[in-house]
Amino acid sequence: MAVQGGRPSGGSAEHGRTGGTPPSEQDEQFYREYILDHYKNPRNFGRLEAPTLSHEEDNPLCGDVVGIDLKVSDGQIEDVRFHGRGCAISQASASLLTERIKGQSLDDARKISKEDVFEDLGIAISPARVKCALLSLKVLKVGAWGLGDWSGEEEE
Amino acid sequence: MAVQGGRPSGGSAEHGRTGGTPPSEQDEQFYREYILDHYKNPRNFGRLEAPTLSHEEDNPLCGDVVGIDLKVSDGQIEDVRFHGRGCAISQASASLLTERIKGQSLDDARKISKEDVFEDLGIAISPARVKCALLSLKVLKVGAWGLGDWSGEEEE
Amino acid sequence: MRYDVDAIRADFPIFETGIVYLDSANTSQRPRQVLEAMDEYYTKFNSNIHRGAYRFSEIATEHYESTRAKAKRFLNARSTREIVYTRGTTEGINLVAYGWGRKHLTAGDLIVLTILEHHSNIVPWQILAAEKGARLEWVDIDEQGRLRQDQFAALLEQSPKLVSFGQISNAMGTINPYAEMTAAAKAAGAMVLIDGAQGAPHAGIDVQAVGCDFYAFSGHKMLGPTGAGILYGRREVLEEMDPFLAGGDMIRTVRKEGTIYAEVPTKFEAGTMPIAQVIGLGAAFDYLEGLGMSSVRAHELEMTEYALEALSEVPDLTVYGPPASERGGVVSFDVKGIHAHDLATILDRHQVAIRAGHHCAQPLMDRLDVSATARASFYVYTKREEIDVMIEGIRDAQRIFA
Amino acid sequence: MRYDVDAIRADFPIFETGIVYLDSANTSQRPRQVLEAMDEYYTKFNSNIHRGAYRFSEIATEHYESTRAKAKRFLNARSTREIVYTRGTTEGINLVAYGWGRKHLTAGDLIVLTILEHHSNIVPWQILAAEKGARLEWVDIDEQGRLRQDQFAALLEQSPKLVSFGQISNAMGTINPYAEMTAAAKAAGAMVLIDGAQGAPHAGIDVQAVGCDFYAFSGHKMLGPTGAGILYGRREVLEEMDPFLAGGDMIRTVRKEGTIYAEVPTKFEAGTMPIAQVIGLGAAFDYLEGLGMSSVRAHELEMTEYALEALSEVPDLTVYGPPASERGGVVSFDVKGIHAHDLATILDRHQVAIRAGHHCAQPLMDRLDVSATARASFYVYTKREEIDVMIEGIRDAQRIFA
Ligand SMILES: Cc1ncc(COP(=O)(O)O)c(C=O)c1O
Ligand SMILES: Cc1ncc(COP(=O)(O)O)c(C=O)c1O
């Protein structure tokens, strides 16, 4: 399994609290202000009246749901809304994604990679949370461009 | 699983050659003269013309086969023959058993136990060979007295 | 004898890592006695069982078979022939669905399940029902997560062929009145399978007293290694079942023209079995027997009471399920405004391992109208202090998400 | 690089017992690297996989999944999705019989087996054929134990639905021309399953080059622990198969009304899998990769040649099967006047472990018209001197039985 994000992984089972930072500060770093902000105050949240494209996916393991409506004209994403529920990572990542693609050309949006999403989140995503982080990208790829069963995971 | 015979068993994996006895002498002890004799010169070997009772069983794991024919009159085993093929233990034990029951009353023969068979063999029977040693007794019990699926093994 | 949790913890090398492990309903930790039993097999008499004609194979066979006697004693089964080795609960239930269900179920037959079931006690029956045209009905729960016995009684009047339910719910912790339910189902003429995945580790069972036909459980949830579990089946029922997996060892004779199967339980044990793991499971039975199942239960009850008490003082926190006396060492809960996954991630930073998700019980989640819960679960080695660390972590999460 | 058998033996703690282990075709010994990999899991990050939301579970999942990548490389599969974890060869073949066979076979269909097969590659097909009214046909052997290719070609003309055969015979040692046979069977439109129980440990395979649809093998015969094996399946074939075991983890969503299955290979991995054992199997792949499968094969060939030569000098001794170049590290033989079981018992007294019996290949025994043979089998750690000890033991048995 490909390990995403910056949190190192591998054979060691080190699990100790590192250095002098108490856990709480680490967590606040982990769930950065602006992620919590995007979670609590999601941007572009809701539905569009008459979307050009609309798709929803869930992550059955934890019950996260994200749906995206797009209004496209002349190859430009004129408007976007997302709806859903779930953990902070999945909802913040959806909110961030809508900010990224609004006003973009479909062609550019098509090129958004997993790495872009991780970068937008700006935090280390542990393997267990990768699916949360990439759910909105999956909705975009599968729904809007019919990329079949793109699962957000690399195969080895 | 009940462990039959004298060879000790249990948790230890000691497998060394014990004491000063070279293996060959041990083996000769193990396959005692008279067992080899019963194997090579089986007593009461063959078939009866018109047996009162006749039954055959095999030990599918190693292919041993033993069949016993009995001529019974007035509750006495007047004559007995066995046939079969297989390892020294199974064939010698059958030969010994026929010697034991010939001329006995059915009632007495009915009481023969596994321990009696082991005693007749006079050697330690390791768990893997228990089925060989008891095959002839099984033939007697199941066939001649219809004791169902007596398997020659204790249940715990 | 006092229950000495520190002495017990000393047997579990994992605690040297500092983890606060509150996910034992998922899989337990294993004491060194279990690991040593397996290493002994691997390094002192490693060989295949039954087939060998040499000493190692005999020793391995004895060790392997001795677990059957231990399981018989643990369950109070009548005979070791009633003990079938499996990979775990899931394989055990599937074995029944294939070997008994495929043979005996026909169109229109009723199977009764409950809304508390784990997916492993749902999906095999869904597949079987679809194949045979049988019906599934579900016993609902009341507001405290107890099975609705009125509904169960009503369903029994429809003469189900099979009733299958868990002894203890892994998602809510509910201890079901399994003895009463089994008696009623047997009186109604049904076959009864009890999913003992949570019951065996935390409460044990007397299968003769309860009278169920099948009891399936996993070694890895009760201090044993991964890869080995047990299906208890009443001998008469096992004997008339079809085999399930076919191959080496489960046969008496194989001819081109056809095959005669071995006697039970060998008929159900095809191919090379998880020998080392069955031996390890035997050591787990020994360990639990050493503690005594009633002490295990008493300790868990204490931990559960302590946890429920402590959680009740956390604001905006909902606990699902019945009071401590009616539950196994499992507490499922929800913190307002914090998704269970976020909570688990933050607790992980405090070295606390809990589970977040649907706990392989989606129908129950649907019934509760939640998509996921957080779940802490306890076992023989759980300490009060560990629950304190969890509570501290929950409060920290609340600060972050405030 | 020289093949240093003493250095290899130093990795296997079992040899400290003094055993002369010539039963590796039954189950192999395991190097400490494999045991350590499992102990590391149990003591450093013991937890369930996939489901956890904490670090231990993530580490365990990575280790568990990394074996899939190793298996993919070992087999040269296209994708890790083609690697299904099983308990072993037997479960793998049954999985195909249930998931593919039950779905696709109908009355009158032909299944082609060979007389060399192990019971695990016979009984599942007998059961399936009986259920579906399908036919079984058997490829016979010639006097040297080679499959009769003329007969095989004739059977292919009858357009079998499935051809299932072993890469290497466990009873005779014959290495079958599996690549040619697969190509011919595929050209005839058949599905092809290769039983790799003996092939994987001793020769390896390139599934893409060979083109088989399924390849089943066991970890415990290739230095891995008991309890874990692998079924390779071509992705397209796996995808359209029915699931086999049902329960936790193999699902995407479970609703009361019905269930959606997960993608392959997860669809076939129900319940808690043998996590530690799969991790141990990964270490076994590493170990074999370190040696190189061609060195393994070369070493075995050397041992086999040496053994055949030595046995040929023993009077009244018959060896079954082909010359060394066409055989895996397996030698089946018969000593006149001494039943195989008696021989094994006497060899055991010399600390030599061989197998005696039908080797789970009764149709082959019937064909050879014997009830049992003695079998010595070799692996990476076998030494010439061990074969010498066996020969000495055979001569001793001959003296006793003279
Ligand atoms: C050729 C062959 N097929 C199948 C099997 C069965 O393997 P397992 O017992 O590991 O399932 C074996 C080993 O016993 C074998 O040698
Ligand atoms: C109630 C219940 N049933 C069945 C199972 C499945 O057990 P396993 O995954 O060991 O097959 C579990 C554990 O996950 C469980 O908690």
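Residue numbers start from 1 in every chain, and the chains themselves are labelled A, B, ... in the order their sequence lines are given, proteins ahead of strands. The figures here come from the full heavy-atom set of this structure, side chains too, leaving out hydrogens, waters and symmetry mates.
- If you measure heavy-atom distances from C:F15 to chain D, you find no contacts under 4.5 Å at all.
- When all heavy atoms of C:D348 and D:A53 are compared, the closest pair comes out as CB-O, 4.2 Å.
- Taking C:E117 as the reference, nothing meets the salt bridge (charged side-chain N to carboxylate O under 4.0 Å, His left out) condition, with sequence neighbours excluded.
- Counting heavy-atom pairs closer than 4.5 Å to chain C, the top-ranked of the candidates D:A129, D:A130, D:G357, D:G258 is D:G258.
- For D:I275, the parts lying near chain C are the backbone and the side chain together; criterion is any non-hydrogen pair under 4.5 Å.
- Remark: C:R55 CZ to D:R349 CZ distance equals 9.5 Å, nearest 0.5 Å.
- Contact count versus chain D (heavy atoms, under 4.5 Å) is highest, among C:T89, C:I122, C:T90, for C:T90.
- Between C:V254 and D:V123, the closest side-chain pair of non-hydrogen atoms falls below 4.5 Å.
- Contact tally against chain C (heavy-atom pairs below 4.5 Å) for D:M365, D:H119, D:M38: the top residue is D:H119.
- The closest side-chain heavy-atom distance from D:Y41 to C:T226 is below 4.5 Å.
- Heavy-atom distances place the side chain of C:D366, and not its backbone, under 4.5 Å from chain D.
- Both the backbone and the side chain of C:Q29 come within contact range of chain D, judged by heavy atoms closer than 4.5 Å.
- D:N26 contributes no side-chain N or O that, together with a main-chain N or O of C:I49, makes up a donor-acceptor pair within less than 3.5 Å.
- A distance of 9.5 Å separates OG of C:S120 from CE of D:M250, quoted to the nearest 0.5 Å.
- In this structure, the side chains of D:T17 and C:F56 come closer than 4.5 Å at one or more pairs of heavy atoms.
- Side-chain contact between C:R87 and D:M273: present, with at least one pair of heavy atoms (C-beta onward) separated by less than 4.5 Å.
- Per-residue heavy-atom pair counts under 4.5 Å with chain C were compared for D:P124, D:A228, D:A344, D:G229, and the maximum is reached by D:P124.
- Among the candidates C:A270, C:A340, C:G88, the residue making the largest number of heavy-atom pairs closer than 4.5 Å to chain D is C:A270.
- Residue contact with chain D, scored on non-hydrogen atoms closer than 4.5 Å, involves the backbone and the side chain of C:L245 alike.
- Looking at heavy atoms from C-beta onward, C:D39 lies in side-chain contact with D:D39 at the 4.5 angstrom threshold.
- Side-chain contact check for D:N48 versus C:D23: every heavy-atom pair is 4.5 Å or farther apart.
- Contacts with chain D were tallied for C:A361, C:G247, C:P225, C:A246; C:A246 has the most, counting heavy-atom pairs under 4.5 Å.
- A perpendicular orientation is assigned to the rings of D:Y21 and C:Y54, their planes being inclined by more than 60° (bins at 30° and 60°).
- Among D:L136, D:T253, D:L113, the residue with the largest count of heavy-atom pairs under 4.5 Å with chain C is D:T253.
- Side-chain contact between D:I115 and C:K256 is present, with heavy atoms from C-beta onward closer than 4.5 Å.
- Neither the backbone nor the side chain of C:S24 comes within less than 4.5 Å of any heavy atom of chain D.
- Put simply, the side chain of D:Y42 never gets that close to the backbone of C:R32: no donor and acceptor are under 3.5 Å apart.
- Among residues two or more places apart in sequence or in another chain, the salt bridge (charged side-chain N to carboxylate O under 4.0 Å, His left out) test is passed with D:E16 by none.
- Shortest non-hydrogen contact noted between C:I127 and D:P243 is CD1-CG, 4.3 Å.
- For chain D, no part of C:F12 is nearby; none of its heavy atoms comes within less than 4.5 Å.
- Both the backbone and the side chain of C:T43 come within contact range of chain D, with heavy atoms under 4.5 Å apart.
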